[in-house]
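Just so you know, residue 1 is the first one in the sequence shown, and it goes up from there.
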Amino acid sequence: MKVLIVGGVAGGATAAARIRRLDENAEIIIFERSGYVSYANCGLPYYIGGEIADKEDLFLQTPEGFWSRFKIDVRTHHEVTEINRAKKTVLVTDKATGKVFAESYDKLILSPGAKPVMPDFCKGVCENVFTLRTVEDTLKIRRFTDNNPIKTAVIIGGGFIGLEMAENLKNRGINVTVIQKGDHLLNTVDGDIASFIHANLRAKGIHILLNSNVKSMENNVVITDCEKIPTDMVIVSVGVSPENTLAKDAGLALGVKGAIAVSDNMQTSDEDIYAVGDAVEVTNYISKEKTVITLAGPANKQGRIAADNICGIESKYQGTQGASVIKLFDMTVASTGMTEAQLKNSNIKYEKVILSPLSHAGYYPGATVMTLKVIFKKETHKILGAQGVGYEGVEKRIDVIATAIFAGLSADKLKDLELSYAPPYSSAKDPVNMAGFIIENMKNGIVKQFYYEDIPSLQKREDIVLLDTRTVYEYTRGHAEGFINIPLDDLRDRLSELDKAKPVYVMCQSGLRSYLATRILMQNGFDAYNFAGGYRLYGSMYYDEVVSKRAYDCGMEK
């Protein structure tokens, strides 16, 4: 059996190695149009920033290593330009020599990846404008920053690559501005979680412009609909599109966003051609809708599945949850499943809980606060997604919930998970368990919640009571408009100050004291609601709205 693989990074390299482990006699050739194969593209920003000192550390394997260990023929600087499905051949150009030749195959795997989207305002502009996708891109940016006196940089786009580049350029002493078209950075989370990201980046000295459109670029100036920003360099990171040229020209079926349509065994519309990685259409594990998700983990799994099926082992891809994590200076942001925005677009009804637990036992030194959000179906309590932001242990909690989603656990059953515990690592009631407790309480009518988006309308009403149950000291340092203060420990003795005819909406710092207050109130004949996330969340979102609006109105953050 002769297998050709187009593209030698995550999916292609994984497929090649798996085929060799299953078939010692297969002839395997990888064609990679760049000069590098099997590299850690998720680590590229960290080489630019100097966190990874040696570029050789980025390479998981080399052509020589593939041959010596696996007897896999890897040909870099070789671009496949055409597929002849009838003859079962591909046309290849050796970019070093210009030689063009045909190569036959029994099975073909397409792993061409995705290409950066380059908006019209970037076309034909100067040499200080970059995208980051390949090792060559990385080396080009690193040379530019090493050899020029770079003082300012503009990042256009606030996704993973854009934010990682913002951090790494800032760590090199460069003043960074991030321009985002939408109302918050990182669309794998919702605006409430993103508010903590914004605050952290601003605290690190990064300027953020939200709801801002780049109109053009002239000389060394980025022109938005709000202001003109002089800059020494620009990173364009507004997304990627599937690299589908080969598949499209060969007449293979395409799916959403032009991605290559594949079955659950990674087979294209041609039974002898498979496709994997960022170029393929996948099924969203939650909504069952077709989508495109560009992550290294799914690409590696897909490469293995394609290899299994080629070698006669039935293997199926289960869909993508989109689990992801990003480090932003000292902060960790992680998510899995669908966001509120995605659920609304898919017309899926949901409920949510937001809590602010400590990363580990409070009496053990070094505990930090995280914010955890779990989204679920109201009727069935099926988990639809989760997001977390904090400084320690965030990714662990999201990974646990990602596993629960895959296993089909309902959200209230998170309370029953037996998770490892020691004071330096967690609490006897882990944050994941705590989310389950809250959801069970909601299910049983023990607690009712309200959310940040409800507050503006609540503040206009006179038929309710807005109650802050923090201490007097906490309250005087800052509180939401319209909320009166009765500390939790005084509440039982001051119930007479409240009108039982009026529903009471209760807030505290994290959501715990306000929950206790609602239990007191409800058992004394009041209709009470607990604020999800506490004043910590409210303050973050409110401040973020004020700063973002000022930045947009004035054209500059103060």
**Message:** Please determine whether side chain to side chain donor-acceptor pair (under 3.5 Å) holds for the pair T368 and E392, giving the CA-CA distance in whole Å, both sets of side-chain angles, and the decisive distance to 0.1 Å.
**Reply:** CA-CA 7 Å; T368 57; E392 178 189 310; 4.8 Å; no
Which of parallel (below 30°), tilted (30 to 60°) and perpendicular (above 60°) describes [X] and [Y]?
X	Y	value
F66	F70	tilted
Y36	F59	parallel
F406	Y285	parallel

Closest non-hydrogen atom pair, [X] against [Y]:
X	Y	result
T188	S335	O-OG, 3.3 Å
A247	L254	CB-CD2, 4.3 Å
E218	S216	OE2-OG, 3.8 Å
P45	L132	CG-CD2, 3.8 Å
V37	P63	CG1-CD, 3.7 Å
G388	I398	N-CD1, 3.7 Å

Would you confirm whether [X], through its side chain, and [Y], through its main-chain N or O, come within 3.5 Å as a donor-acceptor pair?
X	Y	value
N244	G258	yes
R33	T93	no
H360	P365	yes
N148	I150	no
H198	H184	no
T231	M233	yes
Y452	G533	no
S195	D192	yes
N200	F329	no
D399	K396	no

**Request:** Could you check T14 against V276 for side-chain contact (heavy atoms from CB on, under 4.5 Å), going step by step and ending with a plain yes or no?
**Result:** CA-CA 10 Å; T14 296; V276 302; over 6 Å; no
**Message:** Run the side-chain contact (heavy atoms from CB on, under 4.5 Å) test on I229 and L209 for me, step by step, so that the C-alpha distance in whole Å, both residues' side-chain angles and the decisive distance to 0.1 Å come before the verdict.
**Reply:** CA-CA 11 Å; I229 309 169; L209 291 178; 3.6 Å; yes
**Item:** Stacked cation flag K140 on F130, 6.0 angstrom / 45 deg
**Value:** no
Greater than 12 external heavy atoms within 6.0 Å of [X]'s [atom1]:
X	atom1	answer
E453	CD	yes
Y391	OH	yes
K71	NZ	yes
N175	CG	yes
N219	CG	no
R69	CZ	no
K181	NZ	no
K95	NZ	yes

Does the side chain of [Y] come within less than 4.5 Å of [X]'s, by heavy atoms?
X	Y	value
L44	I141	no
L414	I383	yes
Y46	E164	yes
V117	V236	no
L419	V400	yes

**Prompt:** Does one side chain, of Q387 or D190, offer a donor that lies under 3.5 Å from an acceptor on the other?
**Reply:** yes
**Prompt:** Just checking, is any N or O donor in the side chain of S315 or R304 under 3.5 Å from an acceptor N or O on the other one?
**Reply:** no
**Separation between CD of E395 and CD1 of I326, rounded to the nearest 0.5 Å** = 13.0 Å
**Asked** Roughly how far apart are S540 OG and E545 CD, rounded to 0.5 Å?
**Response** 10.5 Å
If the threshold is 4.0 Å, N to carboxylate O, is there a salt bridge linking [X] and [Y]?
X	Y	value
D330	K204	yes
R133	D278	yes
D146	R172	yes

**Asked** Going through the distances and angles, do T283 and K290 end up as a side chain to side chain donor-acceptor pair (under 3.5 Å)?
**Response** CA-CA 5 Å; T283 300; K290 296 296 184 181; 3.0 Å; yes
**Prompt:** What do the steps show when you test F160 against S324 for side-chain contact (heavy atoms from CB on, under 4.5 Å), and what is the final call?
**Reply:** CA-CA 10 Å; F160 286 104; S324 64; 3.4 Å; yes
**Message:** If you apply the rule side-chain contact (heavy atoms from CB on, under 4.5 Å), what do you find for L163 with L186, and how did you get there?
**Reply:** CA-CA 8 Å; L163 296 185; L186 204 65; 4.2 Å; yes
